[in-house]
Amino acid sequence: MKITIKLVGAFRVGRFKEEVREYPPSTCVREVVEDLRISNFLLGSVLINDVHAGGDSMLHDGDRLCLLPFMDGG
Amino acid sequence: MCSMGELSNYIRDLAEGGLLAWPLQIAASERFGVSVADVERVALEQGILPARYQRNRNTVSVSQQLILHRSTVAVIGCGGLGGNVIEALARLGIGSLLVIDQDVFEEHNLNRQILSSPATLGRPKVEEAVRHVGRINPAVNVIPYHLAFSSSNGPGLLASCDLAIDALDDISTRLALAESCAEVGIPLIHGAIAGWYGQVTTILPGDDPLNTVFNVHGGGKGLELQLGNPSFTPVVVAGLQVAEACKLLLNVGAPLHGRALLVDLLGMDFDAIAWGER
């Protein structure tokens, strides 16, 4: 299945801003995060099709996945 | 002692072109034994703008300036974001600022925190906020709280506020702030920064804050520990937060509700993404 992945902020460094990637059916968000070698500790928010989702949320063909880093500074 | 009617007449007689110059605001304050904030209020109530706000005028009308003067905004955190937020709110003309921070200035704050200087090292950040605002706009009432914000003291602190601005640097206090704002029914303008990056969003009463910000994060430290913060990122994000505060107080424009503005200063990319609840 094809998933459009959008990375935000520091996640883009050494990766990409937006890319369409192929994954097998029943892939969940956490597996994509691992595939991209993003630390779970630095993951702040996940959006699937502009709606908040979790690490265990299942992806479907054509989904648009957005991964936001955990920004805590002030 | 004076009657407000006498003060009103005095201000009206002195104003030129609808503006009250600062020396005359001081003179009115001394002559009638009232604060410069009282003079500002009486002037605005009769459509006269303190001259310090004249460049606001085509963006913020005189009647809107009175709304800002009557507003109370809480700033939680007086560091990188908070210092810039406090400066901009004071120059905008917010009447009362509640500033909350338990910290004192340390040397590693000097690269970005505008309330800090070598002379202020070791001093409470909230005390410097009071001094700084007193220098730039004495008509603003600053109420300092040198304490740690928590879910137990939060609702009491925020009860008199129209909105709160998140300028914190850790997730557990941010969530306590969001819960407190929900409890007292006021908007919360969230901002966070790390390195070249930042984010801003507005959480309104009735939203689920846990489902809005950091919805998958389990706690601990985030990107700031790795990336630090340079001088320019807090300026940008604080400016966005204050613009959002101004809009919410005046009920104008399109707030960042249900969406987040993501700032990437390395790529010079500003992206407002939809940000819906599950």
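Every chain is numbered from 1 and lettered A, B, ... according to where its sequence line falls, protein lines coming before strand lines.
Contact annotation for Asp269(B): only side-chain heavy atoms (C-beta onward) come within less than 4.5 Å of a heavy atom of chain A. Both the backbone and the side chain of Val51(A) come within contact range of chain B, each with at least one heavy atom under 4.5 Å from a heavy atom of that chain. Of the two parts of Leu265(B), neither the backbone nor the side chain holds a non-hydrogen atom closer than 4.5 Å to a non-hydrogen atom of chain A. Contacts of Gln113(B) with chain A are absent, with no heavy-atom separation under 4.5 Å from either backbone or side chain.
For the pair Lys2(A) and Asp61(A), the salt-bridge criterion is not met [side-chain N within less than 4.0 Å of a carboxylate O]. With respect to the salt-bridge test (charged N to carboxylate O, under 4.0 angstrom), the residues Arg174(B) and Asp169(B) do not qualify. Glu128(B) and Arg135(B) are not joined by a salt bridge, as no carboxylate oxygen comes within less than 4.0 angstrom of a charged side-chain nitrogen.
Closest approach of Leu115(B) and Cys78(B) over heavy atoms only: CD1-O, 4.0 Å. Taking each heavy atom of Leu81(B) and Pro234(B) in turn, the nearest pair found is CD2-O, 3.7 Å.
Residues of residues 20-38 of chain A lying under 4.5 angstrom from chain B, judged on non-hydrogen atoms, do not exist.
Taking the side-chain contact (heavy atoms from CB on, under 4.5 Å) definition, one finds that Ile273(B) meets it with Lys6(A), Leu47(A), Cys66(A), Leu68(A), Ala260(B), Leu262(B), Asp271(B), Trp275(B), sequence neighbours left out.
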Item to check | Verdict with reasoning, Leu7(A) to Phe16(A), per side-chain contact (heavy atoms from CB on, under 4.5 Å) | outcome: CA-CA 7 Å; Leu7(A) 300 179; Phe16(A) 53 87; 3.8 Å; yes
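Formation of a donor-acceptor pair under 3.5 Å by the Thr120(B) side chain with backbone atoms of Ser116(B) is not found in this model.
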